[in-house]
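Heads up, the thing below is written out as structure tokens.
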Amino acid sequence: MLFLNMDFSQAINQKLDLAPFASAKISVHLKREDLVFPLASGNKWRKLKYNLAAFKESNASALLTFGGAFSNHLAAVAALGARYKIATVGIVRGAELAHKSLNPTLATCQQNGMQLFFVSREEYRQKEEGKTVLGLKKKHGTLYVLPEGGTNALAVKGCTEILTPEDVTFDTICCAVGTGGTLAGLAASCKAHQHVVGFQVTKDASIPDRIRTFAPHENWTLVQHPLHRGYAQVSKPLVAFAREVLQQTGVLLDPIYSAPMLFQLVQMIKENTWTFGTNLLLIHTGGTQGIAGFNLRHGLQWPEE
Ligand SMILES: *Cc1c(COP(=O)(O)O)cnc(C)c1O
């Protein structure tokens, strides 16, 4: 593991003083994972750490993975590939993207040396069995393949390192949920008196089973917001909310994960439907690399620092 040369400190827990929390007598802290690993979007570094080590121990010639056009996962794999001198290949959903200029996420991936292949949605669904991946395997020999979103057992192991011994004081741990890997790591590593609440950003029905594969106890709950469903969902109130939070707390949220999580938490507290604990730790999983692409795509002005 020495090659990773991890001189990162642990993330700080920042108290979030928003008016609805005070009136409901709920204490909320935000774990600033976004600040510790700016290169690789908070939880993506956690998810890649042991996979990168496994790659180094394997005889694979490159690390191949999958993602959408604005994927934080692709961005993280490319950035860490550049830093640790690992050849990376990205299979990107959307054959039509091959003929467009690269969006900020993909342009950075390419600058970081990631080889990009754009495939149809149909081929993308075939994942490792798709003809592009099969062709690459023939050409390059062994490839280390990571699933979309990077969730596997080693990724979950990395996410068990998010919580520290000091975090036992919290009764509830909250995170945003894409594939569920981060939540699984939190659920597997938290204490018996703690409960994990995951704010789901997609309708993906496979998430609970995936979490159960990696987390031994039913100490977690998923909640879904009626408005913020799907990676590409936009709402003006969400943008206004993110601006308010930035002004009041100095925290830059990302539009896909951390902002919808906090927005929904505030909603639930205001509506009196929050039935979990009163001493909360929210994980800021990063994702701010996606802001430039989000603004371009939606013609919006997400607040920036
Ligand atoms: C990928 C990602 C998530 C979701 O993580 P999963 O382990 O896939 O559930 C949350 N927040 C950010 C910023 C991400 O990039």
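Model, not experiment: these values are computed from the prediction. Counting begins at 1 with the first residue of the sequence. As the structure lists them, so they are numbered: ligands from 1, and atoms in each ligand from 1.
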Test log, rule salt bridge (Lys or Arg N to Asp or Glu O under 4.0 Å), inputs Asp167 and Lys31: CA-CA 10 Å; Asp167 296 332; Lys31 189 178 278 297; 2.9 Å; yes
Does the structure place the NZ or CZ of Arg297 under 6.0 Å from the centre of the six-membered ring of Phe70, at an angle of no more than 45° from the ring's axis? yes
With only distance considered, is Gly181 within less than 3.5 Å of ligand 1 through an N or O on each side? yes
Given the ring of Phe263, does Lys236 sit roughly above its face, with NZ or CZ under 6.0 Å from the centre of the six-membered ring and within 45° of the axis? no
Geometric N/O contact Thr179 with ligand 1, under 3.5 angstrom: yes
For residues Thr160 and Ser189, is any side-chain donor paired with an opposing acceptor at under 3.5 Å? no
Using heavy atoms and a 4.0 Å limit, tell me yes or no: is Leu183 in contact with ligand 1? no
Quick test of your reading of the model: are Glu304 and Arg243 salt-bridged, counting only N-O distances below 4.0 Å? no
For Val177, take its heavy atoms, then give the atoms of ligand 1 lying under 4.0 Å from any of them. 9 (O)
Ligand-residue contact atoms, ligand 1 with Gly287, heavy atoms, under 4.0 Å: 13 (C)
Near Asn72, which atoms of ligand 1 are under 4.0 Å from a heavy atom of that residue? 13 (C), 14 (C), 15 (O)
Mark the output for Gly42 as yes if a heavy-atom distance to ligand 1 is under 4.0 Å, and as no if none is. no
Is the closest heavy-atom distance from Lys44 to ligand 1 below 4.0 Å? yes
Hey, is ligand 1 close enough to Tyr257 that some N/O pair sits below 3.5 Å? no
Sequence neighbours excluded, the answer for side chain to side chain donor-acceptor pair (under 3.5 Å) partners of Lys127 is none
Would you say Gly286 contacts ligand 1, with heavy atoms under 4.0 Å as the rule? yes
Sequence neighbours excluded, which residues qualify as side chain to side chain donor-acceptor pair (under 3.5 Å) partners of Asn219? none
